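Basis for what follows: all heavy atoms, side chains included, without hydrogens, waters or symmetry-related copies. When a ligand or atom number is given, it counts from 1 through the structure's own listing order. Owing to the predicted nature of the structure, the values given are computational and were not obtained by experimental measurement.
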Amino acid sequence: MDTRNPRHLLLQITTSLRHYLESLQEEGVTGLPVASQQKPPASLDMGARQGRVQESELPKQEAPAATAAQPPRSSSASKAPLRAPQPLLSQTGDLFFSPPVHAAQTLEELRAQMGDCQRCKLCRGRTHIVFGVGNPRAELVFVGEAPGRDEDLRGEPFVGRAGQLLTEIITKGMKMRREDVYITNVVKCRPPENRNPEPDEIAACEPFLVKQLELIRPRIIVALGTFAAQTLLKSKTPISRLRGIWHSYQGIKLMPTLHPAYLLRNPQDKRLVWQDIQAVLRDMGRL
Ligand code: SF4
């Protein structure tokens, strides 16, 4: 990141601040002292004024407006508990996201608002932005880590060897079609040499994923691998301990499992992924 560029510098600062706040949150901190900006009356105790302010003194935040209701899904989705639409971006929004991105009502609008995105340094080496593919009303969304070489060249997620394995899991294991589900990644541009995405890149791109999930509102998310699981769950717990257990992402059931690329290197662990997928199928009433 070029810190001489004011935009990059500001992004670096906000990314660092976000990570600092997340680390505090993981340690159980639920609030921070807020300094009053008003000059207090002389009669007030200055010592008390220079520290925390009382909760009752803080401005009340208005509840975010609900998004528009959407038409019902397939019959299996009718079993899903009703979930009120939740404006997820309000919780992980980014300073550089223009109002049209927040206001996007469809995936097409969101993609259009991304344009030739240059919000992080991954834009320099990409061929295509790999936004996502599948059913915009999917019950089930798979979230991976980042595009690889094949995905970068084709502009579609999970089309290389790992993608073929994911397709087999969906078609042979789950007896579903690839177009029935939605598939995307945490970051939408290929990291050079397929390295892991870096924290500032994840922070820059994450609001797109959040907005995608807000628009699709699936019933179940399957997080593929460490970065997807840890990003969505705001956790640093290893995937080996996250997988196989139901978690919740903004009221949506989330099952972390191992990334297909890992399975290519460690085929003996396919049975673990199959256990996780079976849990998903049971929840969907397909097993
Ligand atoms: S990875 Fe995401 S934030 Fe970074 S340039 Fe690509 S689309 Fe933009």
Side-chain angles (χ1 to χ4, degrees), residues 1-19 22 88-134 136 141-160 162-163 182-216 221 223-232 234 249 259 261:
M1 182 175 290
D2 181 3
T3 52
R4 290 168 300 181
N5 182 324
R7 179 185 167 89
H8 289 181
L9 180 60
L10 191 53
L11 178 58
Q12 189 177 48
I13 292 169
T14 54
T15 300
S16 300
L17 180 60
R18 177 181 296 183
H19 291 157
E22 286 172 359
L88 309 182
L89 265 173
S90 60
Q91 300 174 26
T92 54
D94 188 283
L95 279 179
F96 302 112
F97 275 69
S98 56
V101 171
H102 289 279
Q105 296 292 311
T106 65
L107 294 173
E108 291 76 18
E109 283 181 20
L110 177 62
R111 177 62 190 89
Q113 293 300 339
M114 285 174 76
D116 183 33
C117 180
Q118 301 190 1
R119 291 173 173 86
C120 83
K121 58 187 180 293
L122 292 182
C123 68
R124 294 181 207 139
R126 74 171 177 234
T127 309
H128 290 106
I129 291 177
V130 183
F131 180 70
V133 69
V141 171
F142 289 90
V143 179
E145 174 182 317
R149 184 174 61 88
D150 295 312
E151 290 78 14
D152 175 60
L153 292 174
R154 285 185 45 185
E156 184 175 335
F158 284 95
V159 291
Y182 194 86
I183 305 171
T184 188
N185 285 303
V186 171
V187 296
K188 314 303 188 198
C189 300
R190 181 195 181 198
E193 309 303 325
N194 289 354
R195 66 158 168 75
N196 292 334
E198 294 175 351
D200 61 309
E201 296 156 359
I202 293 174
C205 208
E206 185 188 358
F208 291 127
L209 173 63
V210 172
K211 187 68 186 179
Q212 281 176 306
L213 294 172
E214 180 184 324
L215 290 169
I216 299 169
I221 298 168
L224 299 166
T226 300
F227 286 91
Q230 292 188 344
T231 298
L232 290 170
K234 299 287 174 237
Y249 169 81
H259 195 285

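Using a 4.0 Å cut-off between a side-chain N of Lys or Arg and a carboxylate O of Asp or Glu, Lys188 and Glu206 do not qualify as a salt bridge. A salt bridge links Lys211 with Glu214: the closest approach of a Lys/Arg side-chain nitrogen to an acidic carboxylate oxygen falls below 4.0 angstrom. A salt bridge links Lys121 with Glu201: the closest approach of a Lys/Arg side-chain nitrogen to an acidic carboxylate oxygen falls below 4.0 angstrom. Arg119 has no carboxylate O lying under 4.0 Å from a charged side-chain N of Asp200, or vice versa, which leaves the two without a salt bridge.
Distances from atom 4 (Fe) of ligand 1 under 2.8 Å pick out these protein N/O/S atoms: Cys120 SG.
For ligand 1, the atoms closer than 4.0 angstrom to any heavy atom of Met114 are 7 (S). When each atom of ligand 1 is checked for a heavy atom of Arg126 under 4.0 Å away, the hits are 5 (S), 6 (Fe).
Distance alone, capped at 3.5 Å, places no donor-acceptor pair between the Glu151 side chain and the His128 backbone.
Residues His259 and Phe227 form no side-chain contact, since every pair of their non-hydrogen atoms from C-beta on lies 4.5 Å or further apart.
Partners of Thr231 under the side-chain hydrogen bond (donor to acceptor under 3.5 Å, both in side chains) rule, at least two apart in sequence or in another chain, do not exist in this structure.
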